[in-house]
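Everything on this sheet refers to the single structure shown next.
Convention: sequence-line order gives letters A, B, ...; per-chain numbering from 1.
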Amino acid sequence: MWRYVVQRILEAIPLLFLVTLVTYFLMNLTPGGPLSLYMHNPKVAPQTLHVLALQMGLTKPWYVRYFLWLWSLLHGNWGYSYFSGQPVLALIGQRLPNTLILMGSSFMISLGIGIPLGIYVATHQYSLQDHVFSFASFFAWAMPSFFFGLLLQTVFAVKLGWLPVSGMYSVYQPPSLGQLLQHLILPAFVLGLGSLAGWSRYMRSGILEVIRQDYIRTARAKGLSERKVIWKHALKNALLPIVTIIGLDLPGFFGGAVITEQIFAWPGMGRLFLSSLNERDYPVQMAGLLIGAILLVVGNLLADLTYSLLDPRIQYR
Amino acid sequence: MAKLAEDPQALASEEPREHRPSILRRLFHHRMALIGTVVLLIMVSASLFAPVLTSQSPTQTNLFQTLLPPGPGHPLGTDQLGRDVFSRLLYGGRISFLVGVGATSISVTMGTFYGALSGFLGGIPDRLMMRFVDLVLSFPAIFLLLVILNLMGGQASVAVMVLYLGLFGWGGLARIVRAQVLSIKKLEFVEAARAIGAGPWRQLIVHVLPGAMAPVWVAAAFGVGGNMLAEASLDFLGFGLSPSIPSWGNMLNAAQNYIVTNPIMILVPGLTITIAVVAINFVGDGLRDALDPRSTAGMQRIG
């Protein structure tokens with residue numbers, strides 16, 4: 001299996017190379033460029049601009065800069081932010097953990113509520129709960145996450161004052177785990193809602209499909225309790241298609257975090273990426289993109305590996 | 001044992017052709033799909049007939065009449081620049097549906113032909129073409145979209161938005177269509193077509209492709225909703241259509257600053273887009289049940 005993992009990672013490298021190359025090219029087409037900030041400032045002389053451009057290496061053609069960027073990346077240097085001058089790796093070090101906390105919590109919410117919910121409604125097919133669930137899941141899926149986020153924020157934070165409006169810690173109190181959890185509830189739920197709805201729907205149809213099969217009838221016929229039939233026999237097979245979907249959705253959490261972090265002023269990679277777009281901060285943009293692409297690769301790989309764990313018929317060599 | 005006689009396949013083959021329920025009939029038998037279709041028809045015609053339904057302009061500002069509550073002349077009030085919300089909602093529907101349908105048409109057309117060609121050619125061309133799909137699918141969509149839209153500085157035109165969104169969602173569909181074509185091209189009727197001298201294009205277009213279309217229609221239905229949401233999200237982030245264009249996403253973007261003082265401004269476009277996408281997904285769900293019950297093709301979204 002490890003050989004398979006290594007092989008997949010090796011296969012991903014040319015992909016990541018092309019992804020970054022194309023993006024670097026596109027990024028450099030942006031009008032204005034990194035110095036646009038100073039361009040209309042009368043206090044900044046054209047000579048100063050030129051010196052800045054030289055310092056940042058902006059006078060070189062884009063492909064030269066790309067390979068310089070790639071070369072230093074391969075040596076563990078993600079470059080320096082054009083905007084703040086900080087090393088990009090330090091920025092990632094500050095922001096990525098926050099995004100991972102947010103993504104992880106949303107993931108747990110989607111999985112922890114979505115899967116049992118799907119199983120529950122599948123075992124109560126055509127009941128009132130099932131119909132309500134069906135209807136609600138369509139709405140949960142279709143509602144734009146920023147709209148839902150703003151609604152929750154207004155109701156629970158602004159109007160009722162139960163939860164903090166935004167940010168990660170309170171300004172007034174020393175940071176603590178309780179604080180973090182309070183600040184986490186709304187954004188994590190908003191980020192997870194779409195997948196929660198999707199996964200529970202897939203889980204429901206997965207269980208319904210499996211439950212009709214002969215081996216389930218056998219399990220019932222030999223007198224197993226319904227609980228055992230569902231949780232021990234049906235679940236494992238019903239999970240198979242969902243695992244793929246979950247793996248494919250993983251990078252979606254990172255993309256969704258861009259919007260959620262923006263609404264709730266969560267100091268993560270998503271907001272960093274958005275501001276780097278406005279600031280024409282190419283090294284930071286590249287970092288956001290590269291992490292997104294890596295997550296995509298990892299998500300697909302994890303999906304395939306979990307698949308083989310659940311289905312002994314599939315073996316990767 | 002009487003059950004055996006009722007073997008569905010045996011029955012279906014005896015049944016005269018006219019009595020087999022058409023796809024449309026099956027679709028409308030699906031209650032949710034029927035409701036979805038009706039809701040969509042109402043919404044689309046309301047936005048098409050916007051000039052009949054309201055005399056207000058969606059873009060005319062009036063700084064003496066900002067943030068008005070619903071009342072005579074302004075059924076849903078006015079926004080922060082004094083523009084009529086009802087009128088913006090109607091005209092905004094044109095933009096949303098246009099972007100949704102336009103972008104989806106591009107990606108569905110591309111995905112179908114690309115996947116069909118790849119599967120039909122087989123061999124090395126197929127492997128190369130699928131490698132390219134892998135590449136396309138390994139782009140983190142929202143990040144790349146934001147980078148590209150940043151070239152427009154948040155002032156994208158509708159055509160640009162349609163094109164960009166359309167150039168994204170085709171990879172997944174290409175894979176699905178390829179898999180379909182791979183299995184269909186081995187069937188006897190294609191061989192028969194080849195035997196009577198049908199050229200490769202004729203085999204592909206006339207004989208193989210029609211059988212591969214079921215997941216395409218399903219993906220198309222869900223794609224429309226997904227693209228509408230993507231467009232609204234990009235507008236909301238300020239990287240989408242030019243703020244002068246009355247779109248639902250731009251309405252939501254503007255409304256976020258007035259969510260406490262003037263909640264109707266955000267509720268109206270927010271609920272409208274939700275209902276529109278729900279209706280589209282109802283139709284998609286119905287289509288799937290009618291055409292392709294086994295498929296897992298379905299709701300995809302960006303952001």
Side-chain angles (χ1 to χ4, degrees), chain A residues 11-12 14-16 18-19 22-23 26-27 29-32 134-135 138-139 141-148 150-151 153-154 158-159 194 197-198 201-202 205 209 241 244-245 248 251-252 254-256 258-259 262-263 273-274 277-278 280 285 288-297 300, chain B residues 32 36 131 134-135 137-154 172 225-226 228-230 232-239 248-249 252-253 255-256 259-260 263 266-267 269-271 273-282 285 294 296 298-303:
Chain A
E11 273 177 14
L15 277 180
L16 291 175
L18 278 169
V19 169
V22 172
T23 330
L26 290 171
M27 206 174 278
L29 296 178
T30 326
S134 251
F135 203 68
F138 266 103
F139 272 86
W141 185 272
M143 201 179 296
S145 63
F146 55 90
F147 174 57
F148 182 61
L150 288 168
L151 286 187
Q153 197 179 38
T154 311
V158 180
K159 291 265 159 89
R201 284 185 67 82
Y202 281 118
S205 52
E209 182 138 321
T244 321
I245 290 158
L248 296 176
F254 196 56
V258 175
I259 294 167
Q262 189 68 5
I263 302 168
F273 183 75
L274 280 183
L277 284 174
N278 286 324
R280 312 276 187 268
Q285 289 182 35
L289 222 117
L290 189 56
I291 292 174
I294 291 174
L295 275 176
L296 207 63
V297 171
N300 288 343
Chain B
M32 299 211 312
R131 263 308 190 207
D134 290 344
L135 177 67
L137 287 177
S138 63
F139 276 99
I142 188 171
F143 290 89
L144 195 64
L145 257 176
L146 285 170
V147 168
I148 299 179
L149 283 165
N150 200 26
L151 303 180
M152 305 285 144
M228 285 170 69
L229 284 177
S233 306
L234 291 167
D235 283 356
F236 172 78
L237 290 174
F239 288 86
W248 291 342
L252 285 161
N253 185 346
Q256 57 177 317
I259 187 165
V260 178
I266 198 160
L267 286 176
L271 291 177
I273 193 166
T274 307
I275 292 169
V277 176
V278 166
I280 291 169
N281 289 348
F282 275 2
D285 222 40
R294 299 204 48 119
T296 51
M299 304 183 278
Q300 297 261 323
R301 68 178 203 178
I302 303 178

Step by step, work out the side-chain contact (heavy atoms from CB on, under 4.5 Å) result for B/L144 and A/V19.
CA-CA 9 Å; B/L144 195 64; A/V19 169; over 6 Å; no

Do B/F236 and A/P144 come close enough that some side-chain heavy atom pair is under 4.5 Å?
no

Heavy-atom pairs under 4.5 Å with chain A, option from B/I148, B/I259, B/I275 with the top count:
B/I259

Can you tell me which of B/V260, B/I273, B/L146 forms the most heavy-atom pairs within a distance under 4.5 Å of chain A?
B/L146

Are any non-hydrogen side-chain atoms of B/T274 and A/F148 less than 4.5 angstrom apart?
no

Where on A/V158 is there a heavy atom nearer than 4.5 Å to chain B: the side chain, the backbone, both, or neither?
side chain

Rounded distance [0.5 Å steps], CG in B/L229 versus CH2 in A/W141:
9.5 Å

Side chain, backbone, both or neither of A/I263 within contact of chain B (heavy atoms, under 4.5 Å):
side chain

Between A/F139 and chain B, which part of the residue has a heavy atom less than 4.5 Å away: side chain, backbone, both or neither?
both

Among A/L274, A/L16, A/L151, A/L295, residue most engaged with chain B (heavy-atom pairs, under 4.5 Å)
A/L274

With a 4.5 angstrom heavy-atom cut-off, could you sort out which part of B/M32 is near chain A: side chain, backbone, both or neither?
side chain

Can you classify the ring geometry of B/F282 versus A/F135 as parallel (below 30°), tilted (30 to 60°) or perpendicular (above 60°)?
tilted

Shortest non-hydrogen contact between A/R201 and B/D285, atoms and distance:
NH2-OD2, 3.4 Å

Against chain A, label B/L271 side chain, backbone, both or neither, depending on which of its atoms sit under 4.5 Å from a heavy atom there.
both

Set out, in order, the CA-CA distance, both residues' side-chain angles and the distance that settles ring pair (Phe, Tyr, Trp, His ring centres under 6.0 Å) for A/F254 and B/F143, then state yes or no.
CA-CA 10 Å; A/F254 196 56; B/F143 290 89; 5.1 Å; yes

Separation between CG (B/L237) and CG (A/L277), nearest 0.5 Å, reads 9.5 Å

Are A/E11 and B/D134 side-chain neighbours, meaning at least one heavy-atom pair lies under 4.5 Å?
no

What distance separates A/L150 CG from B/I266 CD1, expressed to the nearest 0.5 Å?
4.5 Å

Nearest 0.5 Å, please: how far is OG1 in A/T154 from CG in B/L267?
9.0 Å

